[in-house]
Every structure is written in C-alpha cells, then in structure tokens.
Amino acid sequence: MRRLLPVIAVLLTIVGMPHSIRAASPNIILIVADDLGAHDLGCTGSKFHETPNLDRLAAAGMRFTQAYSACTVCSPSRAALLTGLYPAHLKITDWIKGHDQPKAKLKPPAWTKELPLDRITVAERLGPMPKSTAHLGKWHLGGEGFEPEKQGFQLNLGGDHRGQPPSYFSPYQLPRLPDGPTGEYLTDREGEEAAKFIASRKNEGFFLNYWPYAVHTPLQAKPDLIAKYHAKAARVGGPQTNATYAAMLESLDAAVGKILKALEDHGLAERTVVVFTSDNGGLVLGNQPPTSNLPLRSGKGSPYEGGHRVPLIVKWPGVTPPGSTCTEPVMGIDLHPTVLAIAGLPLDYINHRGFDGTNVVSLLKDPAASLGREALYWHYPHYHPGGATPYAAIRAGDWKLIQYYETGRHELFNLREDPGEAHDRAESETNRVMELSRKLFAWQGKVGAQWPMPNPAWEPKTLEAPGTGPVTLHSRDAFVHGENLRYEPQPFKNTLGWWSRPEDWVSWTFHLPQAGRYAVEILQGCGTGSGGSEVEFAVGEGKLTTTVVDTGGFQSFTNRVIGELDLARGPQTLTVRPLRKPGVAVMDLREVVLHPVDRR
C-alpha cells in the first residue's frame, strides 16, 4: 500500500488537470551515457572525437557548462537521477556491487545495493500521464526483483544487474536483449531499438529512458572506425588519442542520430524533449586511458571536477533558446523534478515531493536565470580502484571544499579562478573552510549520510617520534578498537568522537628515539553532564588514570597534564581505555602529547 500511495497521488493530480494540458504534454527522451567526460564531445571542446549529431542537438537546444553527476561512479548517480534524491539520502553511495579494500584504514558503511522498490522513480510518476515508459540499455540498480519493470518501466531492453556488457558484439550475453546476427554492434542495436520504440508510439505520449552501455569498458569498437581514429591521432595529437574509445563514441553519436531522425521522420521532433548527459566523469585510468578531461583535474572515481563534471544538453522545442549555454551549476538530482515539470505535472505537486533536486525549467527558458541554490553536495564513503579515498565535498558559489575521512585533510578551490583545481586555498582561507565544512556536516545530518568506520583489519604504521621535543599523537593517526568510536575529520571537530561505548578504546604505536620521563598532556572535550568518566592511559607497565572534566561541549577542548610516565627507548604503544562512563559519552580526544621532562 505504501508504494501505491505516490502513484495514486499522481493519478488524482492528473485527473484534475485539464485535458488540453495532458494532451499537449511533450514526449521525453532521457539519454544517459556511461563514463562520458565533460569535454568528450565536439561541442564541449574535443578536437579528436567526432560527434556531429550531439553537436547538432546542442545547436538546437541548451548546453550546460557546469553540470554535475550526483556521484563519481555510476549506480549512485543513476539512482539519484531516477528519484531526485542524493545518493547519501538513498544510502546508495557506491557502484553495485562495489569495491573491497579489506586492509584499508576505513571500512565502508552497510550501504544499499539496489534501488529499493519503495523509492518512486520518474517513470512511475509519468506512467499515469498516460505515457508509455521504456528503458533501453544499462540499468545496474539491482538484479532479480529490482529490474526496470519493477520501477515503472513497461518495456525493458538490456537492463539488468550488470554494469557493463560482456561483449559489445553479438552474442551480447544480455538476457534482457535478444542477440542479433553474429558481429552486430551493441550501440548500433540500441539505436535501432530506440527508433523502433519511437515509431511504435508515434500516436501516443512516451518517456524513453535510453542508457547506452557505451562508452564504458570493455573498450570494443568497429574495426574500421578504430583504424580511422588511429590515423587521426597521428595527425591531431593532444590529450585525447584513444582510437577505440573515439570509435565507440562515434557509434554512440550515430545511435543518437537514429533517435533524432526517427523523431523527424514521424513528425515528433517539435513535440519531444531530448536530454543528454553522463553518469559521471570520463575514465582516465590505465596506461592508455580512454579519455582526458583536461582542463579539469582527474576523472571517474575522484573528488575533483573531472570525476563528476558531465555534459548536459537539453533540447525543448519552443522553450530552450537554440545554441544557448547556461553556466548555472546543476546536478543529476535536478532531472527528476524537471522532467515532471516538462511533462506538465503541477508545480504544487512537484514542490511537495521532498526532492533534493531542483526544477530547472526556469533555466531552460532563460539561461541567465539563477536557481538561488545554496550548495551542491557529494558524499562518497568508499575507496575507488583509481586511488580515491573516502571523501565528502561541497560546492557553494564559486568555492568547492573537499574533505577526506582518513586524515581530516581539506582542500579548497575557487572554481571560477581555478577550474583545474591546481591551487589549494585551504591554508589561506581557514574561515571559509570552517564555514563550508559546517554546511557540509549539517547537510550530511539532514540526509542521514552513512559514515565510513574504523577497520579492525587495518595495520597502522609505527609513528616516528622526533629526536627532541614533544611527541604528538593525533587522533587522525589512532588505531580504533570498537564499534562506535571513530575519527571525525571536520575541522571544528578533528577528534576521536562518538565514544558512547566504554568497551571501545584506542591506541597509538610509535618509536621513541630516547628513553626518559615524559609528562602526558591531553586535549579533551566533554559535553555538559557527561563529565566524570575514568580513563586509563598506559604505556607498557606505566599507567595513569584520569577523570574527564566537563568542558561545556564535546568540541570545546581543554589541555590537561594528567601525570608523568617513564618510557623506554624503542617501539612503544600507548593505549587509552575507559574504566567508567557515567554520561552519554566518554569524551572527545583530539590528541595526546608526551613532553620530555628528563631525557636519559
């Protein structure tokens, strides 16, 4: 019943709409390429790739120059696009099935590995319009029981659990798409199936969700096109020189051309909105990377602009000014409410669905308009095979802050002045770092973001203490033992927090170059009413017990010297264990500092 309620609401809304509005509702085609970079098209700056049909689409519509995917990998971005909700809100924060790094410092949360059926998709909201709804191509949002047919699509060709095709040449081994003649090229076939669908629905409204498998790996293309681009690479040069990738992209462009021709042949071109985008930035890994996202930094899997800046083209005949560009930052989460608005659903209905995304029809009418949005957010509590570690990010205006969960490091960039993210301003703009990190933290709480947690299988390196002076053991370097205790990387925290279980404890292993007596100083915070915990600090046989003081707030830190310990030269391990916890938490512990009192 819970799942039926939103559909009933749509039906009641549509029943109340004048018939003329429903009849005038345009057809909608949403094309989401896979791993296509922001600068891979001719119209977005590529001198190597040939994309005449997509360039023609851009010339007839609007191109967004600062469009973003909701995640740096595919499944979360696709789920966000279908639902209008951030991946962190959906708890779908990595590609399905994800990547395992069993020895990493952090372990990812227990994230959702399919699009739950109680999340209402754009197809389910459009189905009662009435519109025929079809999904064609990659799905990657769940296997049996979670296919497109269970999410509002009446027709599904090619969509199942997998994120890439076993082969781009028939036999494809895709159970949801019958094989064609031996050697048939998958992207060609997808274009033909899209054209057939358009022809079969020319006398009724439709929503076509075309998610081509291209240009995702495996890199496979038609031999004649590969040969063409090998020759071109020798002539043109530049950062984009992968002939197979370019050949795959030309086939994708040709498939889009088949769709545009089908619309023209059946008199539907002026009654159909076409949206083209990508699920994340271009892949730049490997000895011969598929593409280059320059001047943007890095690519798929990373927190930088190359990882989540994507092309976005919208052609809405009679609405989008031909050949226009819009510089307003937008994201894939915006497409769900926008498609509903394009379809004619009342704004009152759209505005009360609780979307994270924003209806951007105002931009489609006037590219100089502003959404007045405070910020865009990303939350990726995972490791990526390309080397990215768990991170979160926020873009507010021209500023972008990246926060790394392992170390608490922050990077700050001004994207207007530095679109390539070459100049980190975090050290010179500390107030801005603090302001943006607080906004990011508040958003994470609002959407219920899941945190990466300490990994008990992690093997920390022994810290090298300085030859002279104090030894600082920071919370970011601690080895956490337990279930709730964790390092909190926010700059206004930068501490071991969530110490709600007295069974949780922490340790540091370090190499001391010189024996001696050391005073133990701690930097601790404790919320009002939670003081009084007894905590043991121990190195070998030496032990100190202290009572945590109430500082008026867990992030209100105070320095306290709790005693002295005699330490031997060589490897040492400091442990911090609660003995008693009368309040809601033990304390927040930012660092332990060992001050030499008497060297030997």
Side-chain angles (χ1 to χ4, degrees), residues 21 23-33 36-47 49-69 81 122 131 191 194-195 198 202 205-210 212 249-250 252-278 309-332 334-344 347 357-371:
I21 294 177
S25 175
N27 306 307
I28 300 170
I29 300 176
L30 175 59
I31 307 172
V32 181
L36 185 70
H39 298 301
D40 278 345
L41 309 180
C43 61
T44 61
S46 178
K47 303 300 182 184
H49 305 141
E50 297 180 17
T51 56
N53 294 295
L54 287 164
D55 298 346
R56 179 162 62 97
L57 182 68
M62 182 180 295
R63 183 169 60 84
F64 288 79
T65 61
Q66 298 193 67
Y68 290 97
S69 60
L81 187 152
V122 66
K131 284 187 181 295
I198 292 168
K202 62 184 178 182
F206 63 82
F207 170 60
L208 173 59
N209 196 55
Y210 173 34
L249 181 51
E250 179 169 327
L252 173 59
D253 181 79
V256 174
K258 292 175 183 177
I259 291 172
L260 300 179
K261 184 176 186 302
L263 294 175
E264 293 166 358
D265 289 347
H266 298 291
L268 301 175
E270 295 305 307
R271 293 193 286 125
T272 303
V273 176
V274 180
V275 181
F276 178 88
T277 190
S278 177
R309 187 85 74 87
V310 294
L312 175 61
I313 301 169
V314 181
K315 179 195 173 189
W316 186 359
V319 177
T320 49
S324 57
T325 57
C326 179
T327 61
E328 182 80 355
V330 295
M331 185 182 270
D334 300 330
L335 290 180
H336 184 137
T338 302
V339 165
L340 298 187
I342 291 171
L347 292 181
T358 300
N359 170 15
V360 302
V361 164
S362 60
L363 301 179
L364 297 178
K365 295 178 178 179
D366 177 10
S370 173
L371 296 177

Measuring from atom [atom1] of [X] to atom [atom2] of [Y], what distance do you get when rounded to the nearest 0.5 angstrom?
X: H39; Y: K47; atom1: NE2; atom2: NZ; answer: 12.0 Å
X: L41; Y: F276; atom1: CG; atom2: CZ; answer: 5.5 Å
X: I29; Y: L263; atom1: CD1; atom2: CG; answer: 4.5 Å
X: T327; Y: L363; atom1: OG1; atom2: CG; answer: 9.0 Å
X: C326; Y: L371; atom1: SG; atom2: CG; answer: 7.5 Å
X: N27; Y: I342; atom1: CG; atom2: CD1; answer: 12.0 Å

Which heavy atom of [X] sits nearest a heavy atom of [Y], and at what distance?
X: I313; Y: L54; answer: CD1-O, 3.9 Å
X: I259; Y: A194; answer: CG1-CB, 3.7 Å
X: I28; Y: T272; answer: N-CG2, 4.5 Å
X: A60; Y: K315; answer: O-CG, 3.8 Å
X: E328; Y: S370; answer: OE2-OG, 3.6 Å
X: I198; Y: H266; answer: CG2-CD2, 4.5 Å

* Mind checking what makes ring pair (Phe, Tyr, Trp, His ring centres under 6.0 Å) contact with Y68, not counting sequence neighbours? -> H308, W378
Check whether [X] reaches the backbone of [Y] with its side chain - one donor and one acceptor, N or O, closer than 3.5 Å.
X: S278; Y: P311; answer: no
X: K131; Y: P26; answer: yes
X: D334; Y: G357; answer: no
X: R309; Y: T65; answer: yes

Determine whether [X] and [Y] make a side-chain contact, defined as any pair of heavy atoms from C-beta on separated by less than 4.5 Å.
X: L335; Y: V122; result: no
X: L268; Y: F206; result: yes
X: I31; Y: P212; result: yes
X: M62; Y: P321; result: yes
X: R63; Y: T44; result: yes
X: F64; Y: V314; result: yes
X: L364; Y: T338; result: yes
X: L30; Y: V273; result: no

